[in-house]
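So the structure is just underneath, and the comments pick up after that.
Labels below follow one simple rule: chain letters A, B, ... track the order of the sequence lines, proteins then strands, and each chain is numbered from 1.
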There are 2 protein chains.
Amino acid sequence: MSKMPTVKDVAEYAGVSVGTVSRVLSGEAAVKPMLREKVNSAISALGYRPNVTARALRTSRTDVIGLIVPDITNPFFAQLAASVERAALERRHSLMLASSHNDRGAERAHVSAFLDRSVRGIIVVATGDSSGLHLEAPVPVISLDRRFGTFPLVSTNHAQAAALIADHLYGLGHRRIAYIAGPPDTEAGRMRKEGFVSRINRFGKTGEAVQLEIAYGKFDYESGERIARDLLSRPPQDRPTAIAAASDQQAIGALRAARDLKIDVPRKLSVTGFDDISLANLVVPRLTTIRQPADLLARRAVGLLLEEPPGTGDEMVDGSLIVRGSTGPRVQPKAVIAEHTN
Amino acid sequence: MSKMPTVKDVAEYAGVSVGTVSRVLSGEAAVKPMLREKVNSAISALGYRPNVTARALRTSRTDVIGLIVPDITNPFFAQLAASVERAALERRHSLMLASSHNDRGAERAHVSAFLDRSVRGIIVVATGDSSGLHLEAPVPVISLDRRFGTFPLVSTNHAQAAALIADHLYGLGHRRIAYIAGPPDTEAGRMRKEGFVSRINRFGKTGEAVQLEIAYGKFDYESGERIARDLLSRPPQDRPTAIAAASDQQAIGALRAARDLKIDVPRKLSVTGFDDISLANLVVPRLTTIRQPADLLARRAVGLLLEEPPGTGDEMVDGSLIVRGSTGPRVQPKAVIAEHTN
DNA sequence: CTGAAAGCGCTTACAG
DNA sequence: CTGAAAGCGCTTACAG
């Protein structure tokens, strides 16, 4: 394989100086049409491609965006990663991906590694609460979905979205509800819970009282399954008629527990999730949930990162309620079964 | 933020030349202990971190591995990506990720983009069959799981693994089996099918004959669901007693179709998958499948890439059968129900 | 508008 | 074993 052609080769071929070649390449500076023409044909004749490394060294700026997620095998993060990659591509940037495996140390190490590689900026979906962290970085850093350090956050409006779920379940007649919360050391976990709880409490004042109980777990399948199993192992009259989970994975775990205990969803129990991962539409029954607009979130995060100067304020995006088969009207105990409304 | 210190700063601080600093950094060349000591303390005093870009420009080599997958939201590829990232990290390399969205053009574009960024090497999980492609690359390229161009392939021994499934179903007494194949334009799709079919055919010669029918689909949920629905909509005596799918996603789609049609798995129908994605262990019933050793595959691929000279031969890794609840003994039609063996 | 030249931060023959 | 110097391939003031 012969060596790749450089600006110098192009310059010689076109009979101009390397500076002129560079100016044509950048497209910014004014170059006489004739020279521009010559340079462009030299470029295609030689098959020249700019050396990104040299450019980066000179300008100390690259077109690589670093993304750190807690766990790429988590479907929601995978979707987020896909969206960020697409958003980066739209802005002609590439993506460097790292997974922190939910390890705070690995997260920090990846930040440093990205900095060493002088990325254009870093987007991090934090693992747990790192709000104590006060990090200086020579490039913009944006938190996505979960706050990282003190950096601006782009996320779904968790509280608003959780209230949508509360409205939905209340509207279906549920007055005995269990909430499976996410880890209280995550902002997303706290905000979803608070949004849900405060809406339910408001109903308590303006309408019928709701018995609400809250259990905390991780965002994963296992937590949802375990907590739901506990909840549902009680005698029927002590069971909630609806379980709202802080994540789809928890909700899917809860569906599994319900099935194992032969509790019919949605006729005896309604279950809701949060995220709308692709699996939510594939489980039986299909899961009522909150759709997080991953593409939009990603585009905002990349936008903030690439702005000049980089965005500094938080951005919230509304989630939307997706009603599917896992929720239904409360069954009146010891009474006539309520009609399904559709 | 003050400028980052450079080798020059370190050299001045330590009272040596930049060459010596560089030699200490590389660890290769012999440097007098006393100077080495001085340099090291200068490095920590100044908080010096080497500029990777400059190093890359000089040596035209980086420590970034490019990975292209067809779709990061596919759980199996997500798992593979996580494994590759881990394997890369073990060898002190970072990962640049791109998703081709099953688009051959995007795949090629990503290869070029990686080449432009002078990655150390590229691992690609090809989308569809690209064996026609004869690409020259200035860095090593390895195919993972699915052949890309003519580059060496690291993959599960699909045929061997598929035969494991055939053995399992035959051993359970199934004599009427449907195989949901993957796209015939993928090597994985073809090899899994051939491994399965040839083992079944062998049974036909040495033991009882097996009625086998084959349907082709994509590797996704929808294909599995649709094909299974067709298969299972027939009158009971015309239905297969076992469905073997070429992917877990297809198998999960098939489970869904069976549930919709109220066909009990595994009592009336056995279903098997391939991949052992994490979901396989969470569906109801849990899925009998083939585990692809993602970590091992990833480590081999990275190993081949980083070898000097880069590995050039294919590598096959055996898959293993994971028996779970979705398979059981064939029910004798119009006869006594066979006892479960465990 | 264009060319000649400096310089980004390293590594590595080349002398000594 | 160590230093001085060249050079990786660009971009960008600086003159003209």
Between T156(A) and Q292(A): side-chain donor-acceptor atoms closer than 3.5 Å: yes

Tell me which nucleotide among dC1(C), dT12(C), dG9(D) gets nearest to the side chain of T59(B). dT12(C)

Is any side-chain N or O of T6(B) closer than 4.0 Å to OP1 or OP2 of dG9(C)? no

Checking dA4(D), dG9(C), dT11(C) against the side chain of S17(B) (C-beta onward), the nearest is dA4(D)

Nearest-nucleotide 5' precedence on DNA chain D, V18(B) against A54(B): V18(B)

Does the side chain of T20(A) get closer than 4.0 angstrom to OP1 or OP2 of dG3(C) through an N or O atom? yes

If I take atom OH in residue Y48(A) and atom P in nucleotide dG9(D), what distance separates them, rounded to the nearest angstrom? 10 Å

When both distances are under 3.5 Å in a Watson-Crick or G-U wobble arrangement, the nucleotide paired with dC1(C) is dG16(D)

Provide, to the nearest angstrom, the distance between the NZ atom belonging to K38(A) and the P atom belonging to dC1(C). 17 Å

Gap between atoms CZ and P, on R49(B) and dC10(C) respectively (whole Å): 12 Å

Candidates dC10(D), dC1(D), dC10(C) - which lies nearest the side chain of R55(A): dC10(D)

Check the distance between dG9(D)'s P and L46(A)'s CG and give it to me in whole angstrom. 14 Å

Where is the tightest heavy-atom contact between L97(B) and F114(B), given as atom of each residue plus distance? C-CZ, 4.3 Å

Indicate yes or no: at least one non-hydrogen side-chain atom of L115(B) is less than 4.5 angstrom from one of I122(B). yes

If I take atom CZ in residue R61(B) and atom P in nucleotide dG9(D), what distance separates them, rounded to the nearest angstrom? 16 Å

Go nucleotide by nucleotide along DNA chain C from the 5' end; which of R23(A) and G19(B) gets its closest nucleotide reached first? R23(A)

I43(A) CD1 to dC10(D) P: how many Å, rounded? 10 Å

Given side chains that start at C-beta, do those of P70(B) and H101(B) come closer than 4.5 Å, heavy atoms only? no

Nearest of dG9(C), dG7(C), dT2(D) to any side-chain atom of R58(A)? dG7(C)

Under 4.0 Å between any heavy atoms, over every strand shown, what does V16(A) touch: base, sugar-phosphate, or nothing? Just pick one. sugar-phosphate

List the atom of Y48(A), the atom of T6(A), and the distance in Å for their closest heavy-atom pair. CE1-C, 3.6 Å

In whole angstroms, the gap separating C1' of dT11(D) from CG of L57(A) amounts to 10 Å

Rounded to whole Å, CZ of R117(B) lies from P of dC10(D) at a distance of 14 Å

